[in-house]
Amino acid sequence: VGRRRSAMVEKKRVLFVHGVQADPNQYKAQVVSRAGFDVLAPNMNTKYLAWTTIVAGLLLLLVCFWLPLVVVRKTRDRSQLERIGIWVATALALGLLLTVYLRVSTVFWRHKFASCVEDIHSQITHFKPHAIVASSFGAAVTVELMRIGAWGGPTVLLCPAVDRIHRFLRLEISIGRNTSQEMQEQLPEIPSGVAVSIVHGQGDWIAPYSDSERLFRDSKTKGQFIDAGSDGHFLQSWNDPVHMRSLVLDTIDFTSAAAGVTSISASYAASSSRFVEERSSSVE
């Protein structure tokens with residue numbers, strides 16, 4: 001069985017979809033490549049927009065701290081009524097700056113997200129992968145491709161930021177409204193029957209572990225949810241190509257597995273003590 005699976009690896013094409021601050025050369029893509037697969041890792045060029053958003057946010061935060069200090073210093077000799085007026089104007093100005101920042105950011109990110117979906121769709125068409133391994137932001141792009149019917153093959157999602165990206169892209173719509181419940185009800189689900197393995201660590205503060213639990217619970221998929229313990233967003237304990245190889249092959253096996261609970265490979269079970277929850281598409 002081991003030799004047969006090793007032979008399968010060399011024949012399998014895997015598309016790797018990276019995270020927002022990563023690129024095709026990041027270590028997760030290298031782990032998949034070292035697992036022996038024929039890997040294509042396209043560059044979605046998201047780094048520049050991510051850093052621009054972060055720097056702009058930090059500058060805005062600096063202004064929020066600096067401006068009140070200036071107001072305090074400049075209004076010491078003013079009357080109480082004047083001080084109140086200046087503070088109200090300052091609060092309105094800061095609120096306006098924050099609103100503009102959020103609206104502009106979401107507009108740019110919506111455009112970039114749509115562009116990434118289109119780019120990865122094109123790569124799927126030309127590369128014809130047997131499976132996709134997607135990390136963080138790349139997982140959100142991949143799930144969107146599933147939702148529009150552009151991809152339905154075996155998929156491994158590493159610390160997926162699906163819910164976080166979805167909430168951020170809808171942030172402009174919700175400004176000034178009480179739509180949190182509506183947004184929660186409209187969170188993405190993986191289409192029924194798609195073979196998916198989700199790996200997430202409880203120490204992840206970038207993409208909450210609970211979001212992946214929600215995604216797996218609400219999606220009627222064939223596959224498995226793997227608790228990576230105390231791992232953070234970088235999944236430190238998943239740097240072993242052997243584990244990655246077994247994970248990808250197991251996920252591919254889910255596609256052709258008969259209905260019912262599917263067990264993970266003996267090689268993976270023997271080499272990992274992580275908790276694995278499995279279910280088939282028949283589980284509601």
Side-chain angles (χ1 to χ4, degrees), residues 14-35 39 41 43-44 46-55 57-58 61 105 109 112-113 116 131-144 155-169 171 187-188 190 196-219 223-248 250-251 264 268-269 271-278:
V14 175
L15 181 67
F16 182 84
V17 189
H18 65 75
V20 71
Q21 289 183 310
D23 56 48
N25 296 317
Q26 72 152 174
Y27 76 94
K28 290 181 183 176
Q30 297 303 316
V31 170
V32 179
S33 180
R34 291 200 303 271
V39 177
N43 193 343
M44 295 188 291
T46 53
K47 264 187 175 181
Y48 75 94
L49 186 54
W51 282 112
T52 300
T53 304
I54 291 172
V55 170
L58 290 175
L61 186 63
S105 296
W109 275 107
K112 186 60 180 178
F113 186 79
C116 291
I132 286 180
V133 176
S135 174
S136 191
F137 176 83
V141 171
T142 303
V143 170
E144 183 62 24
T155 305
V156 175
L157 304 178
L158 306 175
C159 290
V162 176
D163 288 5
R164 173 142 291 187
I165 295 298
H166 180 79
R167 292 189 186 103
F168 177 74
L169 295 181
L171 188 59
L187 289 174
I190 299 170
V196 175
S197 293
I198 298 178
V199 183
H200 211 136
Q202 297 183 35
D204 190 348
W205 57 271
I206 296 176
Y209 176 87
S210 58
D211 285 353
S212 285
E213 288 185 307
R214 195 285 312 165
L215 178 64
F216 188 74
R217 181 181 63 250
D218 293 352
S219 302
Q224 57 187 347
F225 182 92
I226 301 178
D227 183 339
S230 60
D231 275 9
H233 196 65
F234 299 104
L235 287 177
Q236 302 91 329
S237 64
W238 278 86
N239 291 336
D240 188 346
V242 175
H243 288 170
M244 185 61 67
R245 181 187 308 134
S246 295
L247 176 62
V248 174
D250 289 338
T251 308
I264 60 175
Y268 175 77
S271 60
S272 174
S273 59
R274 298 177 180 83
F275 169 77
V276 179
E277 178 187 355
E278 300 179 346

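The figures here come from the full heavy-atom set of this structure, side chains too, leaving out hydrogens, waters and symmetry mates. Heads up: numbering here begins at 1 and tracks the sequence.
- Annotation: the span from C116 atom SG to W109 atom CH2 amounts to 7.5 Å, rounded to 0.5 Å.
- Taking 4.5 Å as the limit, every side-chain heavy atom of K28 sits out of range of all side-chain heavy atoms of H18.
- Each of S212, P208, P188 was compared with D163 under the side chain to side chain contact (heavy atoms under 4.5 Å, CB included) criterion, and only P188 meets it.
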**Request:** Begin with the C-alpha distance, continue with both residues' side-chain angles, and end with the deciding distance and a verdict on side chain to side chain contact (heavy atoms under 4.5 Å, CB included) for H243 and V31.
**Result:** CA-CA 10 Å; H243 288 170; V31 170; over 6 Å; no

**Asked** Can M244 and L158 be said to form a side chain to side chain contact (heavy atoms under 4.5 Å, CB included), step by step?
**Response** CA-CA 11 Å; M244 185 61 67; L158 306 175; 4.3 Å; yes

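- Annotation for A131 and V248: closest pair CB-CG1, 4.3 Å, computed over non-hydrogen atoms.
- In this structure, CD1 on I132 lies 12.0 Å from OG1 on T251, to the nearest 0.5 angstrom.
- T155 is not listed as a side-chain neighbour of I190, based on a closest heavy-atom distance of 4.5 Å or more.
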**Item:** Evaluation steps, side chain to side chain contact (heavy atoms under 4.5 Å, CB included), between L187 and D218
**Value:** CA-CA 9 Å; L187 289 174; D218 293 352; over 6 Å; no

**Asked** Is there a salt bridge (Lys or Arg N to Asp or Glu O under 4.0 Å) between D204 and R164 once you walk through the steps?
**Response** CA-CA 12 Å; D204 190 348; R164 173 142 291 187; over 6 Å; no

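- Rounding to the nearest 0.5 angstrom, the gap separating the OG atom in S105 from the NZ atom in K112 is 15.0 Å.
- Remark: the backbone N or O of D211 is not paired with any side-chain donor or acceptor of H200 at under 3.5 angstrom.
- Using a 4.5 Å cut-off on side-chain heavy atoms (C-beta onward), V199 and L235 make contact.
- Taking the side chain as every heavy atom from C-beta outward, W51 and Q21 approach each other to under 4.5 Å.
- In this structure the side chain of V32 never reaches within 4.5 angstrom of the side chain of V156, judged on heavy atoms.
- Here L215 contributes atom CG and S210 contributes atom OG; the two are 11.5 Å apart, rounded to the nearest 0.5 Å.
- Residues L247 and Q224 meet the side-chain proximity criterion, which asks for heavy atoms closer than 4.5 Å.
- With rounding to the nearest 0.5 Å, the separation of OG in S135 from NE2 in H233 is 5.5 Å.
- Closest approach of V17 and G138 over heavy atoms only: CG1-CA, 3.5 Å.
- Closest of all the heavy-atom pairs between P241 and A35 is O-CB, 3.5 Å.
- Distance CH2/W238 to CD1/I226: 4.0 Å, rounded to 0.5 Å.
- A41 and A29 get closest at one heavy-atom pair: CB-CB, 4.5 Å.
- Residues C159 and A207 come closest through the heavy atom pair O-CB, 4.1 Å.
- For the pair E213 and I198, the minimum side-chain heavy-atom distance is 4.5 Å or more.
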